[in-house]
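Not measured: the values here are computed from a predicted model. In this chain, residues are counted from 1 in sequence order.
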Amino acid sequence: MKRLAVWKEERERDISKMQSLLKFITCGSVDDGKSTLIGHMLYDAKLLFTDQERSLELESKVGSTGGEIDYSLLLDGLMAEREQGITIDVAYRYFTTEKRSFIVADTPGHEEYTRNMAVGASFADLAIILVDASQGLLIQTKRHTRICALMGIKHVVFAVNKMDLIGYDKYKFGKLKIDIEEMIEEFNFSTVQIIPVSATVGDNLTNKSENTPWYDGKTLLDYLETIDVTENEENKDFILPIQRVCRPDRTFRGFQGQIASGKVKVGDEVVALPSGEKAQIKSILVTDREEQSAFKGQAVNICLDKEVDVSRGCVLTSNENLTVSNMFTAQILWMDDSELVEGKNYFLKLGTKMTPATVMKIKYRVDINEGTHIQTSKLHKNEIACCDISISEKIVFDEFKKNKDIGCFILIDRVTNMTSACGVVEHALRRGNNLTWHEMDITRDIRAKQKAQTPKTLWFTGLSGAGKSTLVNEIEKRLVAGGKHTMVLDGDNVRMGLNKNLGFEEGDRIENIRRVAEVCKLMNDAGLIVITSLVSPYEKDRKNARNIIGNDDFIEIYVSTPLEECEKRDIKGLYKKARNNEIPNFTGITSDYEPPKNPDIIIDTTGKSVDDCVDYIMGELEKYEI
């Protein structure tokens, strides 16, 4: 009993220490003094080891500060950072004072590295946003403030730095304070503190400065030690996103994950989403110990009193009214070098769930300076926008303002696997739950058996003039002569009807391919063999078409006739017009064509007769038993 009491006391002490932990970031425009501020604060507060302090003093002698201590060296550890005098990557520093423990992420201010700043902001409870007193609010200061708000940071400190450069002028500080207050009016920050500092000199970092007798607030370190950033978890729902189903043997089945919010105890009833099945908590394991209860932040292994349909990406919760849908509106920060256009398909990772998703519509872009909404159909790097997103299946999520863990997400490029955007859920779209796929008694298999064939989509891709339409026409004649039921979707024909409202810019091309793929899928469900003739120049769009139609039903046929040969044919005179700049966005001339990397069938029609080409393709198709 005594050992148990000691263990409980230690655990309560650990919990108290964890609750007193403050995770914060420093951000703002480039060269505003973020690294210097943190470095000087740690130095003055004597929070460095002796060898760190000595190393800092020695390295500063060969730097660009004239022998004075360069406090930024404590955090700027990369060679490129020291050479350029800027922060590039996020630098994390852990330190503890008598009152509190801290984790600080020093984030880069340069626009090129906004992605890294967003990564740092995603973990923080508080943000220190530096403002250069001699320059005022810069565009990157405003962008970082907006990103902090986007990431759900509720507590903000504006450190008005370089006060020494303006002679500690009280009235200039007052004017800048008014500018800051006007800028943050649209944001829902819980606490805002504005402190005049000098990162180089050390004013108001750890001790009150004699240079600012007109400032009667706390020093930066004192404020960080005393601010309360804890959230009231009393009335929050229990939410556990499942990371793994643990099944070491047939006698044990546990659901593992980190509790996102609320608390749970043995005997509580929970609901598994999206299935909606209910069960009671039979046992809770925290590491190798069996506990009677668990709370937010703990990694747990939960066993239920009956079998339910739960796998990675599902959620156990006490709130059966959590949103389960496949559409939502979100605010996103676009971080990719390539632009975002409507209709692009990505992997969406929300909580522990990874699933394909499409940016259906860009509702507006946010002007960084004014906060106004600007209508657009494209997004460029570091822009913030409101978008409607469609997901390939119904998943569990919540509004970000209610629950961060299942209300924020990232978009991942399906080709490069790079993170293209981060975002937060604003609200679900009602039509996501209003629509239901109706299963009919006459199924795809019945229709296929009736026609005595296996439905497939033969997707012909290649440059204009490569011979796609000619081959498609002859292939269909051969299939029909063999008793097959077919339908041809020619690119030009489709654009004269179904897609007549689409142009040839990237976004329109993406939507053109998506619509054709959806039609192919419906026709395959009708039991038909569909043959398409489309340039479809982008690899990711053809992959998206394959995903829509189904990998087993999609046969990619690459007509690899070279550009030179296609130009010689130029039956429609299109290449000549493109060379004369009469046709913009023409594939092969003013717009790129990305050849398939692993096509199912490939043929170059150069110097071959139509019959020879068709014979070859029909021979290759035999293996697919259509």
> Is there side-chain contact between Asn319 and Ile239, with at least one heavy-atom pair below 4.5 Å?
Replying inline: no
> Given Asp413 and Lys540, is the salt bridge (charged side-chain N to carboxylate O under 4.0 Å, His left out) satisfied, shown in steps?
Replying inline: CA-CA 9 Å; Asp413 190 286; Lys540 63 176 66 175; 3.4 Å; yes
> How far apart are the C-alpha atoms of Thr226 and Lys99, what are their side-chain angles, what is the distance that settles it, and do they pass the side chain to side chain donor-acceptor pair (under 3.5 Å) test?
Replying inline: CA-CA 8 Å; Thr226 55; Lys99 297 180 181 179; over 6 Å; no
> How many angstroms lie between atom CD1 of Ile129 and atom OG1 of Thr107, to the nearest 0.5 angstrom?
Replying inline: 9.5 Å
> With side chains defined as the heavy atoms from C-beta onward, is the minimum distance between Cys148 and Phe187 less than 4.5 Å?
Replying inline: no
>> Is the shortest side-chain heavy-atom distance between Met117 and Ile147 below 4.5 Å?
In response: yes
> With a 3.5 Å cut-off and no angle check, do the side chains of Thr355 and Ser392 form a donor-acceptor pair?
Replying inline: yes
> Is any side-chain heavy atom of Ile332 closer than 4.5 Å to a side-chain heavy atom of Ile384?
Replying inline: no
> Just by distance, do the side chain of Gln298 and the backbone of Phe295 share a donor-acceptor pair under 3.5 Å?
Replying inline: yes
> To the nearest 0.5 Å, what is the distance between CZ (Arg312) and CZ (Arg244)?
Replying inline: 10.5 Å
> Are Val160 and Val197 close enough that some pair of their side-chain heavy atoms sits under 4.5 Å apart?
Replying inline: no
> Hey, are the side chains of Lys142 and Asn369 touching, using non-hydrogen atoms and a 4.5 Å cut-off?
Replying inline: yes
> How far apart are the C-alpha atoms of Glu393 and Lys353, what are their side-chain angles, what is the distance that settles it, and do they pass the salt bridge (charged side-chain N to carboxylate O under 4.0 Å, His left out) test?
Replying inline: CA-CA 11 Å; Glu393 60 183 297; Lys353 184 70 174 179; 3.5 Å; yes
>> Between Glu320 and Lys278, does any side-chain N to carboxylate O distance fall below 4.0 Å?
In response: yes
> Roughly how far, to the nearest 0.5 Å, is CG of Asn547 from CG of Asn551?
Replying inline: 8.0 Å
> Do any N or O atoms from the side chain of Asn161 and from the backbone of Leu130 form a donor-acceptor pair under 3.5 angstrom?
Replying inline: no
> How far does CG of Asp337 sit from NZ of Lys381, to the nearest 0.5 angstrom?
Replying inline: 4.0 Å
> So which of Leu126, Thr96, Leu224 actually passes side-chain contact (heavy atoms from CB on, under 4.5 Å) with Phe102?
Replying inline: Leu224
>> Checking side-chain polar atoms at under 3.5 Å, does Lys263 have a donor or acceptor matched by the opposite partner on Ser293?
In response: no
>> Show me the pairs that pass side-chain hydrogen bond (donor to acceptor under 3.5 Å, both in side chains) and involve residues 358-367, at least two apart or across chains.
In response: Gln331-Tyr364, Asn345-Thr358
> When rounded to the nearest 0.5 angstrom, what is the spacing between CD in Glu342 and CG in Asp388?
Replying inline: 9.5 Å
> Is there a donor-acceptor contact under 3.5 Å linking the side chains of Asp228 and Thr230?
Replying inline: yes
> So, Arg514 side chain and Asn544 main chain: donor-acceptor pair closer than 3.5 Å or not?
Replying inline: no
>> Side chains of Ser261 and Asn403: any donor to acceptor distance under 3.5 Å?
In response: yes
>> Determine whether a donor-acceptor pair (N or O, by modelled atom type, separation under 3.5 Å) exists between the side chain of Lys394 and the backbone of Pro274.
In response: no
> What are the two closest heavy atoms between Ile362 and Ala385, and how far apart are they?
Replying inline: CG2-CB, 4.2 Å
>> How close do Thr36 and Ala199 get, counting heavy atoms only, and between which atoms?
In response: CG2-O, 3.7 Å
> Charged N to carboxylate O below 4.0 Å: is that the case for Arg289 and Glu291?
Replying inline: yes
> Under a 4.0 Å N-O cut-off, is there an ion pair linking Glu186 with Arg146?
Replying inline: yes
> What is the minimum heavy-atom distance between Ala421 and Met335, and which atoms define it?
Replying inline: C-CE, 3.9 Å
> After noting the C-alpha distance and the side-chain angles of Glu539 and Arg542, does the key distance pass the salt bridge (charged side-chain N to carboxylate O under 4.0 Å, His left out) rule?
Replying inline: CA-CA 5 Å; Glu539 176 78 7; Arg542 296 191 296 268; 2.8 Å; yes
> Do you know the tightest heavy-atom contact between Ala428 and Thr323?
Replying inline: CB-CG2, 3.6 Å
> Is the Lys NZ or Arg CZ of Arg546 less than 6.0 Å from the centre of Phe554's six-membered ring, within 45° of the axis?
Replying inline: no
> Which pair of heavy atoms, one from Val157 and one from Ile195, lies closest together, and at what distance?
Replying inline: CG1-CD1, 4.0 Å
> Would you say the side chains of Glu399 and His427 form a donor-acceptor pair under 3.5 Å?
Replying inline: no
> Would one find more than 12 heavy atoms of other residues, nucleotides or ligands at under 6.0 Å from atom NZ of Lys349?
Replying inline: yes
> Can you check whether Phe409 and Tyr346 have ring centres sitting under 6.0 Å from each other?
Replying inline: no
>> Please find the pair of heavy atoms, one from Ile549 and one from Ala517, that lie closest to each other, and give the distance.
In response: CG1-O, 3.6 Å
> Tell me, do Ile242 and Val315 make a side-chain contact under 4.5 Å, heavy atoms counted?
Replying inline: no
> In Å, rounded to the nearest 0.5 Å, how long is the span from CH2 of Trp334 to NZ of Lys378?
Replying inline: 13.0 Å
> Distance only, no hydrogens: is a donor on one side chain within 3.5 Å (strictly under) of an acceptor on the other, for Ser420 and Asp336?
Replying inline: yes
> Can any side-chain N or O of Gln258 pair as donor or acceptor with the backbone N or O of Gly297 at less than 3.5 Å?
Replying inline: yes
> Any luck finding a side-chain donor-acceptor pair between His155 and Thr191 under 3.5 Å?
Replying inline: yes
> Step by step, would you call Glu383 with Thr376 a side chain to side chain donor-acceptor pair (under 3.5 Å)?
Replying inline: CA-CA 11 Å; Glu383 290 183 335; Thr376 185; over 6 Å; no
>> Please evaluate residues Lys521 and Glu518 with respect to the criterion salt bridge (charged side-chain N to carboxylate O under 4.0 Å, His left out), reporting the C-alpha separation (whole Å), side-chain torsions for both, the decisive distance (0.1 Å), and the verdict.
In response: CA-CA 5 Å; Lys521 184 177 188 300; Glu518 293 287 1; over 6 Å; no
>> Just so I know, are the side chains of Arg143 and Leu138 near enough to count as touching, which here means a heavy-atom distance under 4.5 Å?
In response: no
